[in-house]
*Asks:* 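Just passing along the structure, written as structure tokens.
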Amino acid sequence: MYLSWFMAKRFLRVASSENNIKSMLRICFFSIFIGTFALALVAAIMNGFEKETYKKLQGINADLIIRSRQPLDFEKIKNILESKFSKSIKAITPSGMHQLILRNDETELTNLVAIKAIDPNTISNVTTLLDSISQNPEDIKKLLEDKNILLGTGLSQQLDSKVGDPISLLFAQEEKISRNKVTLDNEKANVSGVFKTGIDEFDNNIVVMSLNLFNSIFPDLGITTIELKLNPNVDGEKLKIELQNLLDLNIFSWKDLYPPLVAALVLEKYAMIFILALITLVASMNLISLLFMYITQKRVNIAILKSMGMKQKDITAIFIIIGMSLSLMACFAGLSLSWVAVYILNKYPFIKLPDVYYVTQLPAQMDLQINLIVILIVTALSFLASWLPARRTKQINIANILKFESQ
């Protein structure tokens with residue numbers, strides 16, 4: 001094997017001085033280099049999209065959510081969770097969910113919305129919802145005191161309501177609902193703040209109020225949701241099953257709220273890697289052409305090596321080493337440039353994205369897994385592209401080649 005390495009190194013040195021082969025070497029190097037760079041950069045961008053989207057969705061929503069149609073005994077459940085899962089659960093907060101109609105009395109604009117009633121004292125320990133408030137989130141207790149509510153930016157625009165404007169909460173109590181008639185109660189409130197999460201379903205449909213105001217409007221509903229923040233490296237799916245078996249309640253994670261989106265992000269990432277791997281495959285075709293040309297040019301040298309007793313597997317290894325060396329140099333050069341490109345995209349976010357995405361700039365995150373995947377893809381394709389022409393050396397007839405060349 002050492003002889004194969006030595007001969008491969010010598011053949012490469014000789015090839016670099018021959019114009020035709022030298023040009024083919026450059027074409028092969030740059031084609032694999034560009035293919036690797038494109039594969040790594042797009043994989044990093046798709047990984048960035050996935051991580052940033054997950055980060056935003058996971059921040060707005062709790063890691064695990066316990067929900068019931070009936071009022072929950074929050075203190076009892078909290079004591080159970082803190083006593084049995086203290087190593088897994090970092091924070092707990094209660095909340096309530098319901099629906100009502102918002103009306104701007106000045107413009108007569110109305111909208112059916114979902115209420116999220118929160119505990120201002122503990123909500124920040126579980127979600128990042130309050131970080132998206134345009135006002136100072138540290139004053140959240142003041143923003144939600146009395147009959148103050150928070151609107152999403154989209155909902156605020158739909159109702160033409162600004163901070164400080166009065167607004168009507170229209171809702172129906174169960175005892176006032178009959179088959180032919182629904183009587184709505186009217187509760188006056190004030191818009192004390194506006195939040196922008198970047199998630200349309202929150203910004204366009206959610207109203208945030210305190211649990212005190214919620215209980216005064218819907219005294220029979222109580223706490224119907226308990227949100228949990230988990231400690232780092234805790235297996236959320238395993239804990240979810242344990243809690244379901246213990247509490248016999250409906251428990252789901254933030255990923256369960258967006259199954260199509262989560263599946264689409266994973267599918268897009270691997271689909272893009274597959275498509276760009278095909279580009280790398282096309283680039284590897286140049287390597288096949290180069291080695292076929294070089295083997296044809298060096299057939300006399302190969303015949304001499306065979307006549308001197310060099311094994312066929314060692315001769316085959318020479319050209320595999322040549323192909324793999326060229327490919328791996330191009331691969332690591334492409335990976336290095338992709339790291340530089342990722343750094344520039346993160347340092348200077350000059351590519352802005354429209355509001356339909358969950359991020360405002362083009363995200364890119366390179367990690368070890370992406371590097372390993374790219375190296376494995378390029379290595380596998382390059383080995384195949386080197387092995388196919390290297391097999392041709394078996395067909396070289398020593399006697400015919402040496403007889404023909406000696407004439």
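Because the structure is predicted, anything quoted here is derived from the model rather than measured.
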*Asks:* Before you tell me yes or no, could you show the steps for T93 and D119 under side chain to side chain donor-acceptor pair (under 3.5 Å), namely the whole-Å CA-CA distance, both residues' side-chain angles and the distance that decides it to 0.1 Å?
*Replies:* CA-CA 7 Å; T93 187; D119 179 1; 4.9 Å; no

*Asks:* Using side-chain heavy atoms (C-beta onward) and a distance below 4.5 Å, is L337 in contact with F33?
*Replies:*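 Yes - at least one pair of side-chain heavy atoms lies under 4.5 Å apart.
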
*Asks:* Could you walk me through whether T224 and S68 pass the side-chain contact (heavy atoms from CB on, under 4.5 Å) test, one step at a time?
*Replies:* CA-CA 5 Å; T224 56; S68 173; 5.6 Å; no

*Asks:* Are any non-hydrogen side-chain atoms of I226 and L228 less than 4.5 angstrom apart?
*Replies:*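 Answer yes - side chains close enough.
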
*Asks:* Using the salt bridge (Lys or Arg N to Asp or Glu O under 4.0 Å) criterion, which residues pair with E187? Sequence neighbours excluded.
*Replies:*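 By the salt bridge (Lys or Arg N to Asp or Glu O under 4.0 Å) rule, E187 matches K147.
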
*Asks:* So, for V42 and L276, which heavy atoms are closest and what is the spacing to 0.1 Å?
*Replies:*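 That closest heavy-atom pairing would be CB-CD1, 3.2 Å.
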
*Asks:* Go through the structure and list residues passing side-chain contact (heavy atoms from CB on, under 4.5 Å) with N79, not counting sequence neighbours.
*Replies:*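 In terms of side-chain contact (heavy atoms from CB on, under 4.5 Å), with neighbours along the sequence ignored, N79 is linked to E82.
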
*Asks:* Between CZ of F252 and CD of Q244, what distance do you get to the nearest 0.5 Å?
*Replies:*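 Here the interatomic distance stands at 10.5 Å.
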
*Asks:* Can you find a heavy atom in the side chain of F195 that is under 4.5 Å from one in the side chain of I206?
*Replies:*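 F195 vs I206: side chains touch.
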
*Asks:* Within the side chain of N204, is there an N or O that forms a donor-acceptor pair under 3.5 Å with the backbone of G152?
*Replies:*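 Absent.
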
*Asks:* According to salt bridge (Lys or Arg N to Asp or Glu O under 4.0 Å), who are the partners of K162, at least two apart in sequence or on a separate chain?
*Replies:*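 Result, salt bridge (Lys or Arg N to Asp or Glu O under 4.0 Å) vs K162: D165.
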
*Asks:* According to side-chain contact (heavy atoms from CB on, under 4.5 Å), who are the partners of W339, at least two apart in sequence or on a separate chain?
*Replies:*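 M366, N371.
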
*Asks:* Are F332 and T36 close enough, and set up right, to give a side-chain contact (heavy atoms from CB on, under 4.5 Å), and what steps lead you there?
*Replies:* CA-CA 8 Å; F332 284 109; T36 302; over 6 Å; no

*Asks:* To check you understand the geometry: which heavy-atom pair defines the closest contact between N47 and Q365, and what is its length?
*Replies:*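 Of all heavy-atom pairs spanning N47 and Q365, the closest is ND2-O, 2.9 Å.
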
*Asks:* Could you grab the distance from atom NZ of K116 to atom CD1 of I60, nearest 0.5 Å is fine?
*Replies:*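 CD1 of I60 is found 9.5 Å from NZ of K116.
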
*Asks:* Filter on salt bridge (charged side-chain N to carboxylate O under 4.0 Å, His left out), then keep only pairs touching residues 260-278, sequence neighbours left out; what's left?
*Replies:*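 Listed once each, the pairs are E50-K269.
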
*Asks:* Counting only N and O atoms by type, is there a donor-acceptor contact under 3.5 Å from the side chain of N190 to the main-chain atoms of S192?
*Replies:*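 Judged by distance alone, no pair lies under 3.5 Å.
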
*Asks:* Kindly write out the residues that satisfy side-chain hydrogen bond (donor to acceptor under 3.5 Å, both in side chains) with T128, not counting sequence neighbours, or none if the list is empty.
*Replies:*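 For T128, no residue satisfies side-chain hydrogen bond (donor to acceptor under 3.5 Å, both in side chains) once neighbours in sequence are set aside.
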
*Asks:* Side chain to side chain donor-acceptor pair (under 3.5 Å): which pairs involve residues 274-286, sequence neighbours left out?
*Replies:*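 Output for this query lists S31-N286.
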
*Asks:* Calculate, to the nearest 0.5 Å, the distance between atoms CZ and NE2 belonging to F218 and H98 respectively.
*Replies:*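 Rounded to the nearest 0.5 Å, the CZ-NE2 separation comes out at 4.0 Å.
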
*Asks:* If I compare all heavy atoms of V126 with all of A62, which pair ends up nearest, and what's the gap?
*Replies:*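 The answer is CG1-CB, 3.6 Å.
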
*Asks:* With heavy-atom distances below 4.5 Å as the criterion, would you say the side chains of L39 and I279 are in contact?
*Replies:*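 When only atoms from C-beta onward are counted, I279 and L39 do not touch, as no gap falls below 4.5 Å.
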
*Asks:* Got L151 and S161 here, is their nearest side-chain heavy-atom distance under 4.5 Å?
*Replies:*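 Of all side-chain heavy-atom pairs linking S161 with L151, at least one is under 4.5 Å.
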
*Asks:* With the threshold set at 4.0 Å, does a side-chain nitrogen-carboxylate oxygen contact exist between E237 and K240?
*Replies:*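 K240 and E237: salt-bridged.
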
*Asks:* A side-chain contact here means heavy atoms from C-beta on lying under 4.5 Å apart; do I251 and I65 qualify?
*Replies:*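 Answer no - side chains too far apart.
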
*Asks:* Side-chain atoms of residues 373-382: list all donor-acceptor pairs with protein atoms under 3.5 Å, sequence neighbours left out, distances to 0.1 Å.
*Replies:*
{"residue": "T379", "atom": "OG1", "partner": "I375", "partner atom": "O", "Å": "2.6"}
{"residue": "S382", "atom": "OG", "partner": "S327", "partner atom": "OG", "Å": "2.9"}
{"residue": "S382", "atom": "OG", "partner": "V378", "partner atom": "O", "Å": "2.7"}

*Asks:* Minimum heavy-atom separation for I320 to S386, with atom names?
*Replies:*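 Minimum heavy-atom separation between I320 and S386: CA-CB, 3.9 Å.
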
*Asks:* Looking at R67 and E227, is there a salt bridge between them, counting it only when a charged N and a carboxylate O are closer than 4.0 Å?
*Replies:*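 So E227 does not pair with R67 through a salt bridge.
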
*Asks:* Residues two or more places apart in sequence or in another chain: which of them pass salt bridge (Lys or Arg N to Asp or Glu O under 4.0 Å) with D73?
*Replies:*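 Salt bridge (Lys or Arg N to Asp or Glu O under 4.0 Å) check on D73 returns nothing, list empty.
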
*Asks:* Tell me whether the count of non-hydrogen atoms from other residues, nucleotides or ligands lying under 6.0 Å of CZ in F30 goes above 12.
*Replies:*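 Not more than 12 within 6.0 Å, no.
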
*Asks:* Output all residues satisfying side-chain contact (heavy atoms from CB on, under 4.5 Å) with N111, sequence neighbours left out; order by chain, then residue number.
*Replies:*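 Here the qualifying residues are V113, L155, Q158, L159.
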
*Asks:* Working note: L169 + R103, criterion side-chain contact (heavy atoms from CB on, under 4.5 Å); need CA distance, chi angles, decisive distance, verdict.
*Replies:* CA-CA 7 Å; L169 311 178; R103 184 181 68 192; over 6 Å; no

*Asks:* Can you see which heavy atom on A385 is nearest to which on I288, and at what distance?
*Replies:*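 Distance-wise, the nearest heavy atoms are O-CG1, 3.3 Å.
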
*Asks:* Just how far is it from atom CZ of F29 to atom CG of L326, taken to the nearest 0.5 Å?
*Replies:*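 If we round to the nearest 0.5 Å, F29:CZ and L326:CG are 7.5 Å apart.
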
*Asks:* Considering only residues two or more places apart or on different chains, which pairs with a residue in residues 322-348 satisfy salt bridge (charged side-chain N to carboxylate O under 4.0 Å, His left out)?
*Replies:*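 Checked against salt bridge (charged side-chain N to carboxylate O under 4.0 Å, His left out) - neighbours excluded - no pair reaches residues 322-348.
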
*Asks:* Can you tell me how far CD1 of I118 sits from CE of M97, rounded to the nearest 0.5 angstrom?
*Replies:*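 Separation between the atoms: 11.5 Å.
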
*Asks:* Report yes if the side chains of L81 and I66 come closer than 4.5 Å at any heavy-atom pair, otherwise no.
*Replies:*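 A side-chain contact under 4.5 Å exists here.
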
*Asks:* N148 and L213: side-chain contact (heavy atoms from CB on, under 4.5 Å), yes or no, with the steps?
*Replies:* CA-CA 8 Å; N148 291 334; L213 178 58; over 6 Å; no

*Asks:* Would you say the rings of Y270 and F274 are close, in the sense that their centroids are separated by under 6.0 Å?
*Replies:*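 When the ring centroids of F274 and Y270 are compared, they turn out to be at least 6.0 Å apart.
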
*Asks:* Mind listing the closest non-hydrogen atom pair of A364 and N346 along with its distance?
*Replies:*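 Closest approach of A364 to N346, heavy atoms only: O-ND2, 3.0 Å.
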
*Asks:* Tell me whether the count of non-hydrogen atoms from other residues, nucleotides or ligands lying under 6.0 Å of CG in D248 goes above 12.
*Replies:*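 For D248, atom CG is not crowded (no more than 12 foreign heavy atoms under 6.0 Å).
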
*Asks:* Contact between I89 and L239 at the side-chain level, heavy atoms closer than 4.5 Å - yes or no?
*Replies:*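 I89 vs L239: side chains touch.
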
*Asks:* Using the test side-chain contact (heavy atoms from CB on, under 4.5 Å), find all partners of K188 that sit at least two apart in sequence or belong to another chain.
*Replies:*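 With sequence neighbours excluded, K188 shows a side-chain contact (heavy atoms from CB on, under 4.5 Å) to D105, S168, N186, given in chain and number order.
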
*Asks:* Can you tell me how far CG of D256 sits from CG of L64, rounded to the nearest 0.5 angstrom?
*Replies:*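 Spacing of CG (L64) from CG (D256) equals 9.0 Å.
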
